[in-house]
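Residue numbers run from 1 in the order of the sequence given. Values in this document were obtained by computation on a predicted structure and should not be read as measured data.
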Amino acid sequence: MNFDEMTAKIAKGEGFIAALDQSGGSTPKALRGYGLSDDAWSGEHEMFAKIHEMRTRVITAPSFASGKVIGAILFERTMDSQVEGVSTATALKSRGIVPFIKVDQGLADEADGVQLMKPLDKLPALLEKSVANGMFGTKMRSVIKSANPAGIAAIVAQQFEDGNQIADAGLVPMLEPEYDITAADRAEGEQILLAEIMKGLDALPEGRKVMLKLSIPVEAGLYAPAIAHPNVLRVVALSGGFSTDEACEKLAQNPGMIASFSRGLLQDLRAGQSDAEFDETLSKAIDKICTASVAG
């Protein structure tokens, strides 16, 4: 797939984006969920080798290439690795799946009810490498904890500022100002978030495309104005701690949003499953998430 073909796939594809971008801090938890205890590896190198084995098993499973997964978000080490003798991006594109790369470097301490991203000092080099690897887009996450207007404005401004740098490099940025689903004031805060997002979208240069990755809103359909904005390629939803069933039920109430789930996709996969059992389990999750994504 060339860039235009990948753009069309993401804009119009009936399916969802798989989040396979667990990094250092979340990798042990992901491996435990996969059925591997901490004594299954020794040191960071072996830990990342184990998570790449899991991701390779997902990517090469027959159900993953069913056409229902239209994109996949990778961690940098996964991008740098190979799947069946070719680069991970090439392996994905050969299966009709558009590759994205996680570019944030973690979260800063909470201030004004939000956690901004740490400064992206490695971003220029990572963007250059990502373009060379044939990636389509990026993803970067920050987190909103409460309905603080100043904090929400700052988090959205940071996302758009870094997003413009990414777009200038030739990649499509996926902006992810996640709203913590446990926050008591989430309904109020999401109204503030939408207003700030619309300001950021309206300020983009004509023709510039971005994506948004957002928590499934308390008010169904809240993000319809962002979905319809001419500068938005696609709006995707994170599962945010919901189970697969909960996330799919809530997502189906939001026409125009598609899933970008991690836990919701992978939660029932186990290292000890046979290849047939693994693919059957993955296929069921893919079907459920795809159905919710195209419900609208």
Side-chain angles (χ1 to χ4, degrees), residues 1-21 69-76 78-80 87-105 117 120 122-142 155-178 196-214 223 225-238 256-262 293:
M1 288 188 290
N2 61 33
F3 191 84
D4 288 343
E5 290 169 336
M6 290 190 286
T7 300
K9 183 93 173 188
I10 294 301
K12 301 297 184 182
E14 293 193 350
F16 68 96
I17 296 173
L20 305 178
D21 59 325
V69 180
I70 63 172
I73 304 168
L74 308 177
F75 177 50
E76 183 180 0
T78 309
M79 179 182 73
D80 293 341
S87 73
T88 307
T90 297
L92 287 169
K93 286 191 278 189
S94 71
R95 291 163 169 80
I97 299 167
V98 177
F100 294 79
I101 178 73
K102 165 186 152 66
V103 296
D104 64 82
Q105 297 168 220
M117 294 181 290
L120 303 186
K122 299 178 182 178
L123 184 60
L126 180 54
L127 293 178
E128 184 177 352
K129 182 167 69 168
S130 299
V131 170
N133 271 274
M135 307 301 285
F136 172 76
T138 65
K139 189 214 80 162
M140 50 189 177
R141 170 179 174 263
S142 44
I155 214 169
V156 173
Q158 183 190 46
Q159 286 277 345
F160 275 96
E161 180 180 355
D162 291 332
N164 276 314
Q165 183 180 352
I166 291 162
D168 287 342
L171 298 169
V172 175
M174 186 187 299
L175 315 182
E176 185 184 7
E178 174 183 348
E196 292 298 329
I197 287 172
M198 297 306 292
K199 290 178 190 176
L201 292 173
D202 288 342
L204 288 174
E206 184 177 354
R208 171 151 292 178
K209 296 291 187 179
V210 301
M211 297 174 64
L212 299 168
K213 182 168 181 175
L214 304 170
Y223 293 122
I227 292 168
H229 197 284
N231 292 95
V232 173
L233 185 64
R234 205 76 188 254
V235 176
V236 305
L238 56 104
M257 288 185 86
I258 65 171
S260 178
F261 293 173
S262 174
S293 295

Find the distance between [atom1] ([X]) and [atom2] ([Y]) and round it off to the nearest 0.5 Å.
| X | Y | atom1 | atom2 | value |
| --- | --- | --- | --- | --- |
| Thr90 | Met1 | OG1 | CE | 10.5 Å |
| Leu171 | Ile101 | CG | CD1 | 10.0 Å |
| Arg208 | Leu233 | CZ | CG | 13.5 Å |
| Gln159 | Met117 | CD | CE | 4.0 Å |
| Met135 | Met6 | CE | CE | 9.0 Å |
| Tyr223 | Met257 | OH | CE | 7.0 Å |

Backbone N/O of [Y] and side chain of [X]: donor-acceptor pair under 3.5 Å:
| X | Y | result |
| --- | --- | --- |
| Lys93 | Gly134 | yes |
| Lys9 | Gly96 | yes |
| Lys213 | Ser260 | yes |
| Lys209 | Pro230 | yes |
| Glu76 | Leu126 | no |
| Asn2 | Asp4 | yes |
| Ser293 | Ala259 | yes |

Start with the C-alpha distance between Met140 and Leu123, add both sets of side-chain angles, then the distance that settles side-chain contact (heavy atoms from CB on, under 4.5 Å), and finish with yes or no.
CA-CA 11 Å; Met140 50 189 177; Leu123 184 60; 6.0 Å; no
Determine the minimum heavy-atom distance between [X] and [Y], stating which atoms define it.
| X | Y | result |
| --- | --- | --- |
| Ile166 | Pro173 | CG2-CB, 3.9 Å |
| Val69 | Ile97 | O-CG1, 3.3 Å |
| Asn231 | Gly207 | ND2-N, 3.8 Å |
| Ile17 | Ala72 | CG2-N, 4.0 Å |
| Arg234 | Gly13 | NH1-O, 3.0 Å |
| Leu127 | Gln165 | CD1-O, 4.1 Å |

Under the side-chain contact (heavy atoms from CB on, under 4.5 Å) test against Ile197, which residue among Leu175, Asp202, Leu212 passes?
Leu212
Mutual orientation of the aromatic rings belonging to Phe3 and Phe136 [parallel < 30°, tilted 30-60°, perpendicular > 60°]:
tilted
Does Glu14, at its CD atom, have more than 12 non-hydrogen atoms belonging to other residues, nucleotides or ligands within less than 6.0 Å?
no
Does the side-chain contact (heavy atoms from CB on, under 4.5 Å) test come out yes or no for Leu74 and Thr88, once each step is laid out?
CA-CA 9 Å; Leu74 308 177; Thr88 307; 3.7 Å; yes
Go through the steps for Ile10 and Val172 under the test side-chain contact (heavy atoms from CB on, under 4.5 Å), then give the verdict.
CA-CA 11 Å; Ile10 294 301; Val172 175; over 6 Å; no
Phe160 vs Leu204, side-chain contact (heavy atoms from CB on, under 4.5 Å): CA-CA, chis, key distance, verdict
CA-CA 9 Å; Phe160 275 96; Leu204 288 174; 4.0 Å; yes
Flag the pair Met174 / Ile73 as yes when at least one side-chain heavy-atom distance between them is below 4.5 Å, and no otherwise.
yes
